[in-house]
2 protein chains.
Amino acid sequence: MTDRLSRVFAALADPTRRDMVARLTERDATVGELAEPYAVSIQAVSKHLKVLEEAGLVTRSRDAQRRPVHLEAEVFDLMSRWIERYRRQAEERFQRLDAVLADLQDAHEDDTAAREGTAS
Amino acid sequence: MTDRLSRVFAALADPTRRDMVARLTERDATVGELAEPYAVSIQAVSKHLKVLEEAGLVTRSRDAQRRPVHLEAEVFDLMSRWIERYRRQAEERFQRLDAVLADLQDAHEDDTAAREGTAS
DNA sequence: GTGGTATTCAACCAGCGGGTTGACAACCCG
DNA sequence: CGGGTTGTCAACCCGCTGGTTGAATACCAC
């Protein structure tokens, strides 16, 4: 599970981390600020941030003792591309499937019409 | 980690499972067909499918002994909504930041202009 | 019914993830 | 210097994950 996309998805598979990301879209924050709403230790939050950092979702700088956390929004593009690619592919396929079903329906109606002696 | 979105992200955090999803956008497939390219046991693939199923990414029907696997593309929407929501939020914030930086730049230029005795 | 095929279930194992606590590091302020 | 604040590192625990093998289920074909 060493590839980038896997790390990103894994990082966002945790509700606490998703909430941190959500809050970081509003403004940069220190570890302590981020930790405040959660009922876990600062160390646990620090670990979460490490996961987000290794996934490329955030970066950390330094301001005296503080380590302000900053969201790197470009990573969203990576996920969006993956999702949209396969969504589009799936949708195209469903359209083909719909076409097939429509054909079958037409054929059935033709059969019915034939059996009932009605002009198609 | 019981919520829907967490399960979806976690399911896609595995390259094998992402590959399965990718292949399922092309066509439905049986467990055996899905397993064929990977160097793991059928049972392992069956487990992966269970994960995808519990995340709502696929459904399984029955055709004699076979259990054809079908991709449920609607889940993509769930992820897209989450991602796009925060991406948009982050982008708006960056625009505000840009505006602030632009203001600072203007102020600086004003200062410079003032120091240099040039009209602003 | 017997045999073959497709798939899941069960038990097990190693490794990782998320949590804890305690110690340490880096920095500011008197 | 010493004390306070912010954050990380290290060791540990426990539950989950992804893999294995072996047995069981469900179905078809003969």
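Chain letters run A, B, ... following the sequence lines, proteins first, then strands; residues in each count from 1. In this text the structure is predicted, and so the values were computed from the model without any measurement.
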Between A/Ala64 and A/Ala44, which is nearer to the 5' end of DNA chain C once each is assigned its nearest nucleotide?
A/Ala44
Just to verify, what does B/Glu33 make a side-chain contact (heavy atoms from CB on, under 4.5 Å) with, not counting sequence neighbours?
B/Ala29, B/Thr30
Within this structure, what is the CG-to-C1' distance between B/Leu34 and C/dA6, rounded to whole angstrom?
13 Å
May I have the distance from A/Leu52 (atom CG) to C/dG17 (atom C1'), rounded to whole angstrom?
14 Å
5'-most contact on DNA chain C (nearest-nucleotide basis), A/Val40 vs A/Asp63, goes to A/Val40
Partner of D/dG22 by Watson-Crick or G-U wobble geometry, both contacts under 3.5 Å, or none?
C/dC9
side-chain contact (heavy atoms from CB on, under 4.5 Å) for A/Asp28 and A/Val69? Distances and angles first, verdict last.
CA-CA 6 Å; A/Asp28 291 0; A/Val69 180; over 6 Å; no
Donor-acceptor contacts under 3.5 Å from residues 42-56 of chain A side chains, at least two apart:
unit_1  : atom_1 : unit_2  : atom_2 : d
A/His48 : ND1    : A/Arg17 : NH1    : 3.1
A/Glu53 : OE1    : A/Arg60 : NE     : 3.2
A/Glu53 : OE1    : A/Arg60 : NH2    : 2.5

A/Tyr38 OH to C/dG18 P, in whole Å, measures 14 Å
Output the rounded distance in Å from CZ (B/Arg17) to C1' (D/dG19).
12 Å
Sequence neighbours excluded, the answer for ring-ring contact (aromatic ring centres under 6.0 Å, His included) partners of B/Tyr86 is B/Trp82
What pairs with B/Glu26 under side-chain contact (heavy atoms from CB on, under 4.5 Å), at least two apart in sequence or on another chain?
A/Gln89
Separation of atom CZ in B/Arg18 from atom P in D/dG18, rounded to whole Å
12 Å
By side-chain hydrogen bond (donor to acceptor under 3.5 Å, both in side chains), A/Arg23 pairs with (sequence neighbours left out) A/Tyr38
For C/dG19, does either OP1 or OP2 sit under 4.0 Å from a side-chain N or O belonging to A/His48?
yes
Does A/Ser41 put a side-chain nitrogen or oxygen below 4.0 Å from OP1 or OP2 of C/dG19?
no
Once base and sugar-phosphate atoms are separated, protein heavy atoms under 4.0 Å mark nucleotides 7-12 of chain D, 5' to 3', with B, S and - as SBB-B-
